[in-house]
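Before any comments, here is the structure.
Sequence lines set the chain letters: A, B, ... in the order given, protein chains first and strands last, and positions in each chain run from 1.
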Amino acid sequence: MLARREWIHGWLLLTPALILLFAFTHYPAVTTVWHSFFSTPRGQRPSTFVGLDNYDFLLADSTFWQVLSNNLWYALVTIPVSIALALMMALWVDGKLRGRGFVRMAYFAPTVLPLIAVANIWLFFYTPGFGLIDQVRGLFGLAEVNWLGNPDLVLGSVIVVAIWKEAGFFMIFYLAALQAISPSLREAASIEGAGRWTYFRRVTFPLLMPTTLFVSVNAVINSFRLVDHIFVMTEGGPDNASSLLLFYIYETAFQYWDTAYAATLTVVLLVLLSILAIGQFFLVDRRVHYR
Amino acid sequence: MTHSFDRALNTVGAWVLALVWFLPLIYAIWTAFHPGAYATRFDLLAPLTVENFVNAWNAAPFARYFLNTVMLVTFILIGQFVLCTLAAYAFARYAFPGKSILFTLVLLQLLVMPDILIVENYVTMRRLDLVDTIAAIGLPYIASGFGIFLLRQTFKTVPKELEEAARVEGAGPLTVLWKVYVPLAKPTYLAYGLVSVSHHWNNFLWPLIVTNSVETRPVTVGLSVFSAVDQGIDWSIITAATLMTSGPLLIAFLLFQRQFVQSFMRAGIK
């Protein structure tokens with residue numbers, strides 16, 4: 001009798017949150033899959049069941065393959081570089097350092113700025129000829145470069161912005177973890193005569209593994225979620241050389257209004273995210289425990 | 001000897017990186033406070049001006065955009081606090097069938113975020129006739145898996161004896177929550193609040209999709225419309241507008257730097 005009342009109270013407390021959670025996360029995730037098997041309704045023609053037609057189209061869509069490869073490169077570079085930088089920043093800021101307050105603020109500042117706004121500043125940096133980067137290059141007598149107009153350079157240019165935006169954010173998590181490491185470990189290590197590098201490799205780094213797992217899962221998600229700067233800097237161009245999956249989904253759904261194909265692309269994104277997150281979890285999780 | 005050399009090297013490295021990281025901001029401030037002619041010419045004696053800010057402010061309805069953003073952020077924050085508190089309390093202190101499955105479904109949102117489900121959520125908003133309202137921008141984010149998780153972890157650290165003492169005095173579940181748990185979780189609320197406000201102040205893609213008028217657009221979308229259409233390439237005005245939109249957050253960050261960093265740390269530890 002008492003247990004029954006506890007059940008009801010528990011469920012009642014959960015209801016408001018669960019309604020919204022199901023309405024805007026679980027329900028759309030399911031309908032995305034469902035709609036990927038239908039055609040896009042156009043004018044008089046209603047949506048009809050087309051089986052795997054959208055997926056056939058996907059496999060033959062060269063833009064999709066390019067965007068997918070862009071996004072994988074984007075993730076492959078952004079994730080390790082921003083995590084390595086974050087760890088380095090955290091070690092610096094955690095140690096004895098002159099002007100630590102300013103350095104920490106400088107690292108962290110990009111995190112609080114809107115990506116869409118800082119993209120404007122970076123756009124200016126990259127301007128051929130009189131942008132800051134070309135001006136500095138000019139001092140060394142180097143030629144102008146069209147950073148965002150050249151298909152070979154544009155992806156790298158937007159990757160730099162993503163790293164700049166994210167490293168400071170990840171630094172915070174490492175900083176928190178570093179401050180939780182007992183100082184007696186360092187004393188013990190120095191009595192044993194361990195150098196700083198050995199100490200880092202044998203003590204600090206393994207102890208930071210859970211943080212690395214947390215940060216890298218976040219980094220994976222962000223590398224598919226953060227596309228704001230693409231809108232300002234390149235709009236996916238030139239020739240889709242800097243288009244990312246979520247940006248392509250946006251274009252397909254809200255500029256070409258092909259919602260069924262956009263749903264199909266979203267399914268790909270969801271599958272990709274799940275595989276990466278789960279895989280990463282097992283990969284890193286094992287090292288967390290056994291080393 | 002090598003040790004002090006090592007230290008010096010590290011200090012230099014840390015500072016160089018810090019300056020590189022800060023450069024875009026310094027550059028933006030330089031451009032925004034000088035006349036257009038000095039946007040790409042670095043002359044320490046260049047005259048200072050606030051004209052760029054005035055021009056940007058007058059060129060687009062930024063006051064309205066700010067109002068929209070403030071309303072949006074407030075709406076989301078209050079909604080998240082209320083709903084996540086209730087749900088977190090249930091997960092932390094109640095036993096009921098389906099609890100672990102439901103909790104897994106909540107955590108799933110950390111992976112499958114509303115940010116990605118833009119196509120279907122737009123359909124839902126159209127069906128609810130909410131397109132182009134501030135509610136539509138905020139609703140998908142209110143039941144936050146992250147918030148529920150964070151508060152649940154905090155509530156679990158509250159000693160059960162405190163709850164039992166309150167129950168003996170005849171307090172109901174909501175009174176206990178309000179009088180015992182919420183006050184003890186204040187630092188978590190502050191941390192989560194700062195993270196949430198800065199996240200939604202900066203959010204762009206979903207608001208871009210679901211709004212299409214001046215009355216609902218938040219500053220981020222307003223800024224993108226402004227810099228895409230009106231200005232051509234008048235960089236001074238665009239950077240002024242850029243600084244303006246990030247201004248309140250940036251000033252708050254500079255003033256409460258310690259709390260900001262600690263809040264993000266606290267939010268991440270769990």
TODO: Flag the pair A/Leu14 / B/Lys99 as yes when at least one side-chain heavy-atom distance between them is below 4.5 Å, and no otherwise.
DONE: no
- [ ] Please name the pair of heavy atoms, one in B/Asn10 and one in A/Leu97, separated by the smallest distance, quoted to 0.1 Å.
- [x] O-CD1, 4.5 Å
Open item on the list: Could you report the tightest heavy-atom contact between B/Leu117 and A/Pro28, atom names first, then the distance?
Closed with: CD1-CG, 4.0 Å
TODO: Find out whether B/Leu17 and A/Leu85 are in side-chain contact, i.e. whether some heavy atom of one side chain is under 4.5 Å from a heavy atom of the other.
DONE: yes
Open item on the list: When you compare the side chain of A/Thr259 with that of B/Tyr122, does any pair of heavy atoms fall below 4.5 Å?
Closed with: no
TODO: Find the distance between OG1 (A/Thr25) and CG (B/Asn121) and round it off to the nearest 0.5 Å.
DONE: 7.0 Å
- [ ] Would you indicate whether the side-chain heavy atoms of B/Pro24 and A/Phe124 approach each other to under 4.5 Å?
- [x] no
Open item on the list: Determine whether a donor-acceptor pair (N or O, by modelled atom type, separation under 3.5 Å) exists between the side chain of A/Tyr107 and the backbone of B/Ala14.
Closed with: yes
- [ ] Write down the atom of A/Gly10, the atom of B/Ala90, and the distance for their closest heavy-atom approach.
- [x] O-CB, 3.6 Å
- [ ] Measure from the side-chain N and O atoms of A/Trp164 to the backbone N and O of B/Trp21, and report whether any donor-acceptor pair falls under 3.5 Å.
- [x] yes
Open item on the list: Using side-chain heavy atoms (C-beta onward) and a distance below 4.5 Å, is B/Thr239 in contact with A/Asn120?
Closed with: no
Open item on the list: A side-chain contact here means heavy atoms from C-beta on lying under 4.5 Å apart; do A/Leu113 and B/Leu250 qualify?
Closed with: yes
Open item on the list: Working to the nearest 0.5 angstrom, can you tell me the gap between A/Leu226 CG and B/Phe204 CZ?
Closed with: 12.5 Å
Task: Sub-6.0 Å ring centroid separation between A/Phe102 and B/Trp15 - done: yes
